Number of protein chains: 4
Amino acid sequence: MAGNTFGTLFRVSTFGESHGPAIGCIIDGCPAGLDFDLDFIQHQLDRRRPGQSAIVTQRKESDTVQVQSGLFAGKTTGAPIALIIPNEDQRSNDYEHIADAFRPSHADFSWQAKYGFRDHRGGGRSSARETAARVAAGAVAKLILRSQGIDIQAFVSQVGHLILQQPYTELNLSGTETNDIRCPDPVMAEKMIRLIKKIRKAGDTIGGVVSAVVRGCPAGLGEPVFDKLHADLGKAMLSINAAKGFEYGSGFAGVSMTGSEHNDLFLPVDGRQRTVNGGQWAAEGIKTKTNFSGGIQGGISNGMDIYFRVAFKPVATIMRDQTSVNSDGEAVVVKGKGRHDPCVVPRAVPIVEAMTALVMADHWLRNKIYKKGLS
Amino acid sequence: MAGNTFGTLFRVSTFGESHGPAIGCIIDGCPAGLDFDLDFIQHQLDRRRPGQSAIVTQRKESDTVQVQSGLFAGKTTGAPIALIIPNEDQRSNDYEHIADAFRPSHADFSWQAKYGFRDHRGGGRSSARETAARVAAGAVAKLILRSQGIDIQAFVSQVGHLILQQPYTELNLSGTETNDIRCPDPVMAEKMIRLIKKIRKAGDTIGGVVSAVVRGCPAGLGEPVFDKLHADLGKAMLSINAAKGFEYGSGFAGVSMTGSEHNDLFLPVDGRQRTVNGGQWAAEGIKTKTNFSGGIQGGISNGMDIYFRVAFKPVATIMRDQTSVNSDGEAVVVKGKGRHDPCVVPRAVPIVEAMTALVMADHWLRNKIYKKGLS
Amino acid sequence: MAGNTFGTLFRVSTFGESHGPAIGCIIDGCPAGLDFDLDFIQHQLDRRRPGQSAIVTQRKESDTVQVQSGLFAGKTTGAPIALIIPNEDQRSNDYEHIADAFRPSHADFSWQAKYGFRDHRGGGRSSARETAARVAAGAVAKLILRSQGIDIQAFVSQVGHLILQQPYTELNLSGTETNDIRCPDPVMAEKMIRLIKKIRKAGDTIGGVVSAVVRGCPAGLGEPVFDKLHADLGKAMLSINAAKGFEYGSGFAGVSMTGSEHNDLFLPVDGRQRTVNGGQWAAEGIKTKTNFSGGIQGGISNGMDIYFRVAFKPVATIMRDQTSVNSDGEAVVVKGKGRHDPCVVPRAVPIVEAMTALVMADHWLRNKIYKKGLS
Amino acid sequence: MAGNTFGTLFRVSTFGESHGPAIGCIIDGCPAGLDFDLDFIQHQLDRRRPGQSAIVTQRKESDTVQVQSGLFAGKTTGAPIALIIPNEDQRSNDYEHIADAFRPSHADFSWQAKYGFRDHRGGGRSSARETAARVAAGAVAKLILRSQGIDIQAFVSQVGHLILQQPYTELNLSGTETNDIRCPDPVMAEKMIRLIKKIRKAGDTIGGVVSAVVRGCPAGLGEPVFDKLHADLGKAMLSINAAKGFEYGSGFAGVSMTGSEHNDLFLPVDGRQRTVNGGQWAAEGIKTKTNFSGGIQGGISNGMDIYFRVAFKPVATIMRDQTSVNSDGEAVVVKGKGRHDPCVVPRAVPIVEAMTALVMADHWLRNKIYKKGLS
């Protein structure tokens, strides 16, 4: 109930604070027999790691994952998988100045209002450092999805006022990881990097948008009422630190369209043969002409690409003095100190992918229960 | 796991199809001793009812709620509250033409892909008729929130390209229910109604945006990691039929701002006295200068207004013929038939409020567990 | 959290009080495509119905089940199944004398301690009438299990000091339903019925034991740590009104045995061939010599019969005056009034079966997720 | 769903195998502000530790607990508490002989039937070593209960045929920890120890019973339908390795009693004054003459002592050769090897207490939500 667990069948519980000994997670519900590719998992963590480039925070963490349980002979056993990532480069002294001051637009005040006191060191549990555990767990989910041919790719599509205008279908997504900002268009990437460097130099921060595409998802994932696939994706994205909005398919832009423009017409299947599959009806082969639905209709995937966008606000920690209050409501000045990202989106890309993977693996398992009825 | 239950402590399970005997819900976890205001609940259902005005579907349903359990002497007992709403005006024959044809951008295809067959009458379980049960349950949640001084108001802020530009703080929200479209600005309301009538005449449909404000929420609601207050609000909104996007506070627009512009500075409290409350620290009185955070920081309410926007696509059922396929993948034509809304947003207003109430009541109860620690 | 829902994948939420309009349930998670045998479900309710014989309560309820949702063309659709059973023969006046008096060993006092007030009519929500909803839901679970060849049979094995000494393997369980007490041994049944009639005549009540056997369960059901199959069966049984104990396999008697006596040796399989099943290992064919384990080892079924026993206390309502207190702690006399069972076990037999079915169907679904790994 | 989490509000997820790097748990939902008494937690682990006396397994584990998260300045923060216990004395070679042989009455066969393969080293995840994580989490739960004056004491009441006949009210429970078997009667303790030594010498094992008493529990804990307090206690106990039965209050013996004998009469309160408590009714002061109910009526605590008994089978690992089969169903001989307990009950005492504490702390939190209604 305290909300540190995500998922229903593929369940991840995370723990850890910015300045405690370690962060980590337990994955419960991973099927047995999965080849556990530790290098792949570490690689995902490396993509999120602080200090990886000139435009992210310079905190030095190797983020080396340690597996505590759940494996035998290189495979998952069906038992819980515990993953631990030790904290290495804590500078708690950097936070003494906010022991009794609320940083603007941080969780300091609301946390204290909830619990009566707080761990002020690096934001404690509300630090984005917690997302490293999500990335580790998401990497295990990706291993499941990979075995099913389901692929997830996220990329940066906006920084400040710089907007990548092309639809994802016209982009070469394989170029995403070739630059520090993780934007698939190299020209735009260069502009975004310059903007971030300029913003950082001014002691300020800027917002951005991460877009994501899921390819290879079969029709049938998602539950039709409350646990619609896009509702669970939306919750997953909005649970990421600094997220402010979520839209899928046509999103907010679809509001201005008419039904006759927006409806995705089904295309007839040329010479289609019923799949010989115990007489069962098969959905494969039926496609739509357009995809304003974003691959999800009535909360259930329809076999087309799933795509969505996530808005991230500018980072709240800026390198400028700000007026604020202490817990007695008295005016104080919060100094601009510490090591922080000038813009979250480059490091948010692997986090968006990880949270997407957790949702997709969970719904893939959920769908397994029902898809073959009583057989 | 099949996803027909919403909430963790204030839990609502809904049932029913468009063309079955009834729809309804069980509310589990409502505290004992709540005055059960049946007129209020019926009034909320009346706000969502079909046939209420010229710009909504003309299906005739009285949507009369029947209480089956959970009350004694006019108060809730702590036992589950079962609410039933009989279906009255079904015209199943209206749907024979889609018994084996997939309506574009409906759940017909994805549902069949998931379960192997489907109840085609009126969309079956995927019909928006299911939301009547949510409104009934949400009305009970509103009774709880009302007793705590927490108020929820939704309104239409966009229809097609017609956008209400003022921030909610400059609108007279009490005017929302005085027109058929539920837009608080009477001039804009008139334009929106004219647009919808024109669109309907053309046999087409149009999208829209519903905005919502929660006032009177104390600081401390929401859980800091996965169950952030805005993440649960987002999921709730995205689970409503036809929803395509969600943003809170500055939302997608906040992306273009810098941290120094976006941060909400805390204001000093003049002559503030510590609340004499067993020595416990009290958050009341600390406010922010701006509210780009939308009343939520780090996933936890901070005592300021909570506000957000929900995008709805144009209704998929249009009164025009559309090309599609049957379950053999063969080309068919889907006729434009039946009784449907030309735009969902006027009836979505009470649904958005209801889902908001479910989230807020749930988090209010969740916060009760921890807010006083071990006392 | 208020505990009116049972199960994880096959989830049942019940509602209703003894003296409200109706009782019922929502079943969420029933697979699509199940033939819905309404006669079978009604028959299970008839087995639990009051007034069915001379040794049970004479309250007159037809307990006719009404299906509100979840079916199409005689089959389940995957949508929630709502079942309603109207209350017919309420005599609320029978309970005026306990409006402010706590009946000994009833839930009156503890309920009032929890909620601050209570619905005193017929025990309100704590009435055993709630179990009719369980029997209805359990009947649906039995339909699933029947399709898998899993069979559940319960019977009365003790009334007061009268104990059926034979192990279930030596009894003809098909005789269970041929007498009013539901004891498979006709001689013992006759003795038990005489004892109950004598006890009733004295205005008193008596306890009993219900035994149950599950046959045809494949190996692999149950989760290894907290959700052991027998732990979930135990919780299910102990949640039935008046239950005081649960034991499976050798149970409390196994305590006095040594490991060398108690261990169930596996028997070699004569000329066994590996099942040609995509190369997968198959557990079928491996049996144990004895079955002190009760068909469950390490919390997981091993393919042998599952069997267990449930102890029920004497009914608390007796037809004699008893001293008690009112809510001011003052001495009062509680009159012996109303219509009640002198012994719960004959009507507990279908309830034990229903709760067993809920657990088995739930674990059958849970096992489906994992049993074929990533295929 | 894979069942490695226990509890609803006070939630514990455990991980780890007998022969992995570590075992441990995450506690989610512990209230903020609890003084974290690490010595107390370590002491509880020491009570369960192997090698602590001559009558338990001689595996050498210090079972030193390491706290990874959730604390600040010696208090809980409301964030998840991760506890890790490294494994130290693994002898995996001891288990090579069962890499492809099913030990009788172990989880080897059923586990392989479920997952297709298994970690054979020391029973893997089905090892009772997992219970160390439960004891650590239970110790935190005990800290909460201690702050509320709720006390839990378990003790050994039977080993083989040796039965402690006195009711717990006639025993000096403070003597429990003064002998190796944890029986409060020193004479019986001596007999039990002698019996276990004799059984061990014969290469055999023996069963036993652990009894438990909860004192100081207020009226009102437990939910009235499925999550009855005794149903959750029963599940908790039955989830412990080797448990075969559970009974509370009069238990199986109550079956032979009549209602007039078994009913617990409420006693009038001499000169009782309504507690001046905002006009709210108070349950304190109302007691029963007898306590066959075991402190729980209708699933809700009534303020009297809660007491119950748990049956444990003889340990399956014996120091004798046993016939069995391998995964091809061929006859094999399983050698008696390894380090094991001849009787589980002395080490089960702290485990029973820990699981009791998890249930009680969870229900104490659950009751907090509702007990003061809307205030």
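These figures come from a predicted structure and were not determined experimentally. Reminder, nothing fancy here: chain letters follow the sequence lines and each chain counts from 1.
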Asker: Please classify the contact of D:Arg118 with chain A as side chain, backbone, both or neither, using a heavy-atom distance under 4.5 Å.
Answerer: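 It is the backbone, since no side chain atom gets that close.
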
Asker: Examine whether an atom of D:Thr14 lies under 4.5 Å from a heavy atom of chain A, and if so say whether it belongs to the side chain, the backbone or both; otherwise answer neither.
Answerer: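 It is the backbone, since no side chain atom gets that close.
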
Asker: So which of A:Ile81, A:Thr5, A:Thr77 has the largest heavy-atom pair count under 4.5 angstrom toward chain D?
Answerer: A:Thr77

Asker: Under a 4.5 Å heavy-atom cutoff, which of A:Gly124, A:Ala22, A:Ser126 has the most pairs with chain D?
Answerer: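 Ranked by contacts with chain D, first place is A:Ala22.
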
Asker: Which atom names give the shortest non-hydrogen contact between A:Gly33 and D:Phe117, and what distance separates them?
Answerer: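 Reported closest heavy-atom pair: N-CE2, 3.7 Å.
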
Asker: Less than 4.5 Å to any heavy atom of chain A: does that hold for the side chain of D:Ser18, its backbone, both, or neither?
Answerer: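 Contact with chain A is absent: no heavy atom of D:Ser18 under 4.5 Å.
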
Asker: Is there a donor-acceptor pair under 3.5 Å between the side chain of A:Asp28 and the backbone N or O of D:Asn4?
Answerer: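 Yes.
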
Asker: Which word best sums up how the rings of D:His120 and A:Phe72 line up, parallel for under 30°, tilted for 30 to 60°, or perpendicular for over 60°?
Answerer: perpendicular

Asker: Which heavy atom in D:Tyr115 sits nearest to a heavy atom in A:Gly78, and how many Å separate them?
Answerer: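 Smallest interatomic distance, heavy atoms only, reads CE2-CA, 4.0 Å.
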
Asker: Can you tell which part of D:Leu71 gets under 4.5 Å to a heavy atom of chain A, answering side chain, backbone, both or neither?
Answerer: backbone

Asker: If we define contacts as heavy-atom pairs under 4.5 Å, which of A:Gly70, A:Cys30, A:Pro86, A:Gly29 has the most with chain D?
Answerer: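 That would be A:Gly70.
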
Asker: So which atom in D:Glu17 and which in A:Pro80 form the shortest heavy-atom distance, rounded to 0.1 Å?
Answerer: OE2-O, 4.2 Å

Asker: Strictly distance-based, threshold 3.5 Å: is any side-chain N or O of A:Gln68 a donor or acceptor partner for the main-chain N or O of D:Ile23?
Answerer: no

Asker: For the candidates A:Pro21, A:Gly7, A:Gly20, A:Ala73, which exhibits the highest count of non-hydrogen atom pairs separated by less than 4.5 Å from chain D?
Answerer: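 Highest number of heavy-atom pairs under 4.5 Å: A:Pro21.
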
Asker: For A:Ile84 and D:Ile84, run side chain to side chain contact (heavy atoms under 4.5 Å, CB included): C-alpha distance rounded to whole Å, both residues' side-chain angles, the deciding distance at 0.1 Å, then the answer.
Answerer: CA-CA 10 Å; A:Ile84 293 184; D:Ile84 293 186; 2.8 Å; yes

